[in-house]
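Sequence positions, counted from 1, serve as the residue numbers for this chain.
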Amino acid sequence: MAAACAGSVELGFAEAAPAWRLRSEQFPSKVGGRPAWLSASGLPGPAELSCALCGRPLAFLLQLYAPLPGRADAFHRGLFLFCCRAPPCCAGLRVFRNQLPRKNDFYSYEPPSEEPPAATGDPVCLQLKSGAHLCRVCGCLGPKTCSRCHRAHYCSKEHQTLDWRSGHKQACTQADNLDNTVPDHNFLFPEFEIVIETEDEITPEVVEKEEESEIIGSMGEAPEEELDSMAKHESREDKVFQKFKTKVALEPEQILRYGRGTAPIWISAENIPQEEDIPDCPCGAKRIFEFQVIITGSSIHRSQEHEKHSEPH
């Protein structure tokens, strides 16, 4: 993700992409699949990636490549969002930040090549350059191992059981080919690249006219007194939702809004946090808004269509 200009908002759209573009060395922004970890050390462990409500392992939802201009220690910077997808919980959102200077132990000082590598059929990477092993199911740190082959790694008993039922029971004795037999566990979200575009500005006058036109169009030939009464009783809730709807309608397939230091667009006037409700960073600084995920019927449909028509990587 390119660094946005001050005050501007960037929109993210889910697009199908070849597997090599979604690897760590390409610094991707992506949704679904396994996380493409930025650093090979200092990653969150199983305790940090378990749902605070139900205790199950969180699922990787998306990551953003969001470097900070002027910050040498954040030349490379990734934000990783996880969620609980176990019904009826489906909560437990958690975000992690990982950053590196330009000169580091993991990546070249120069930008990555835009050309595909000579070989793109490598098996799923389940071991980091630091030597740490990753869970065969979710791609997070896997400190647990299979007691029989001692080569399959997992983040939790739940994922070990899931992998055993999905084929590791048969593949366990084939240790030499273990990394090539990672099945589809149906735990991961479908994987897409997040393509970034800058949001076109829309003036308040245009928004106001669109809102007025929509109200009048929906009322048809309603009496003028009735329209005046509706306008007087228009609630804050209506205004907040109308603003959200207008913004999203401009690009209905957006799945992400990024704007560090800007303000989110709220879908409801209920439970909007005040400044005193937002805890300070452990360093003592005030937290600021950076991004929000937008899930609409249009964005879900588009992702499903991409998944349906994309060739397997």
Beyond-backbone contact of [X] with [Y], side-chain heavy atoms, under 4.5 angstrom:
| X | Y | answer |
| --- | --- | --- |
| Cys54 | Cys84 | yes |
| Glu25 | Pro112 | no |
| Leu79 | Phe96 | no |
| Val95 | Glu290 | no |
| Cys155 | Cys138 | yes |
| Trp20 | Gln26 | yes |
| Phe244 | Ile294 | yes |
| Leu49 | Phe60 | no |

Do side-chain atoms of [X] reach the backbone of [Y] as a donor and acceptor pair under 3.5 angstrom?
| X | Y | value |
| --- | --- | --- |
| Gln63 | Ala36 | yes |
| Gln292 | Ile265 | yes |
| Ser39 | Asn98 | no |
| Arg260 | Ile288 | no |
| Ser29 | Tyr65 | yes |

Same apolar cluster (I L V M F W Y, side chains within < 4.5 Å links), [X]/[Y]:
| X | Y | answer |
| --- | --- | --- |
| Leu100 | Tyr109 | no |
| Val248 | Val240 | no |
| Val195 | Ile295 | no |
| Phe80 | Leu141 | yes |

Shortest non-hydrogen contact from [X] toward [Y]:
| X | Y | result |
| --- | --- | --- |
| Arg102 | Pro111 | NH2-CD, 4.3 Å |
| Pro273 | Ile278 | CB-CG1, 4.4 Å |
| Ser147 | His150 | O-NE2, 3.1 Å |
| Ala152 | Arg136 | CB-CD, 3.5 Å |
| Leu93 | Leu81 | CD2-CD1, 4.2 Å |
| His185 | Leu162 | CB-CD2, 3.9 Å |

Legend entry - Polar contact flag, side-chain donor to acceptor under 3.5 angstrom, Ser8-Glu199: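 Ser8 vs Glu199: no donor-acceptor pair found between side chains.
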Inset, instruction - State plainly whether the residues Arg94 and Glu48 are in salt-bridge range, i.e. N to O under 4.0 Å. - result: no
Inset, instruction - Salt-bridge test for Arg287 and Asp280: reply yes if a basic N is under 4.0 Å from a carboxylate O, no otherwise. - result: no
Inset, instruction - Kindly check if the number of other-residue, nucleotide or ligand heavy atoms within 6.0 Å of CZ (Arg165) is above 12? - result: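 It does not: Arg165 CZ has 12 such atoms or fewer within range.
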Inset, instruction - Step through it carefully: locate the ring centre of His76, locate the ring centre of Phe106, and say whether they are under 6.0 Å apart. - result: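 Centroid separation for His76 and Phe106: 6.0 Å or greater.
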Atom pair [atom1] ([X]) and [atom2] ([Y]), whose distance is rounded to the nearest 0.5 Å:
| X | Y | atom1 | atom2 | answer |
| --- | --- | --- | --- | --- |
| Phe241 | Glu270 | CZ | CD | 13.0 Å |
| Asp73 | Asn104 | CG | CG | 12.5 Å |
| Leu128 | Ser24 | CG | OG | 7.5 Å |
| Arg34 | Phe187 | CZ | CZ | 10.5 Å |
| Phe192 | Lys30 | CZ | NZ | 11.5 Å |
| Ile267 | Glu237 | CD1 | CD | 9.5 Å |

Inset, instruction - Evaluate the side chain to side chain contact (heavy atoms under 4.5 Å, CB included) criterion for residues Tyr154 and Asp163: first the C-alpha distance (whole Å), next the side-chain angles of each, then the deciding distance (0.1 Å), finally the verdict. - result: CA-CA 9 Å; Tyr154 304 98; Asp163 190 43; 2.5 Å; yes
Inset, instruction - Decide side chain to side chain contact (heavy atoms under 4.5 Å, CB included) for Leu11 and Thr198; before the verdict, give the C-alpha distance in whole Å, the side-chain angles of both, and the deciding distance to 0.1 Å. - result: CA-CA 6 Å; Leu11 306 181; Thr198 302; over 6 Å; no
Inset, instruction - With Lys103 as the cation and Phe75 as the aromatic partner, state whether NZ or CZ is under 6.0 Å from the six-membered ring centre and within 45° of the axis. - result: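 No cation-pi geometry.
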Inset, instruction - Look at the rings of Trp37 and Phe82 and say which category their plane angle falls in: under 30° parallel, 30 to 60° tilted, over 60° perpendicular. - result: parallel
Inset, instruction - Determine the interplanar angle of the Trp164 and His168 rings, folded into 0 to 90°, and report it as parallel if under 30°, tilted if 30 to 60°, perpendicular if over 60°. - result: perpendicular
Inset, instruction - Test salt bridge (charged side-chain N to carboxylate O under 4.0 Å, His left out) on Glu114 and Arg21 and set out the steps. - result: CA-CA 9 Å; Glu114 292 293 326; Arg21 284 184 55 84; 3.8 Å; yes
Legend entry - Test applied, side chain to side chain contact (heavy atoms under 4.5 Å, CB included); reference residue, Pro143; option that passes from Pro46, Ser156, Cys135: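 Single pass found, and it is Pro46.
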Legend entry - Candidate pair Leu64 and Glu10, rule side chain to side chain contact (heavy atoms under 4.5 Å, CB included), full reasoning: CA-CA 12 Å; Leu64 305 176; Glu10 292 180 316; over 6 Å; no
Inset, instruction - Go through the steps for Phe189 and Leu61 under the test side chain to side chain contact (heavy atoms under 4.5 Å, CB included), then give the verdict. - result: CA-CA 7 Å; Phe189 291 101; Leu61 180 58; 4.0 Å; yes
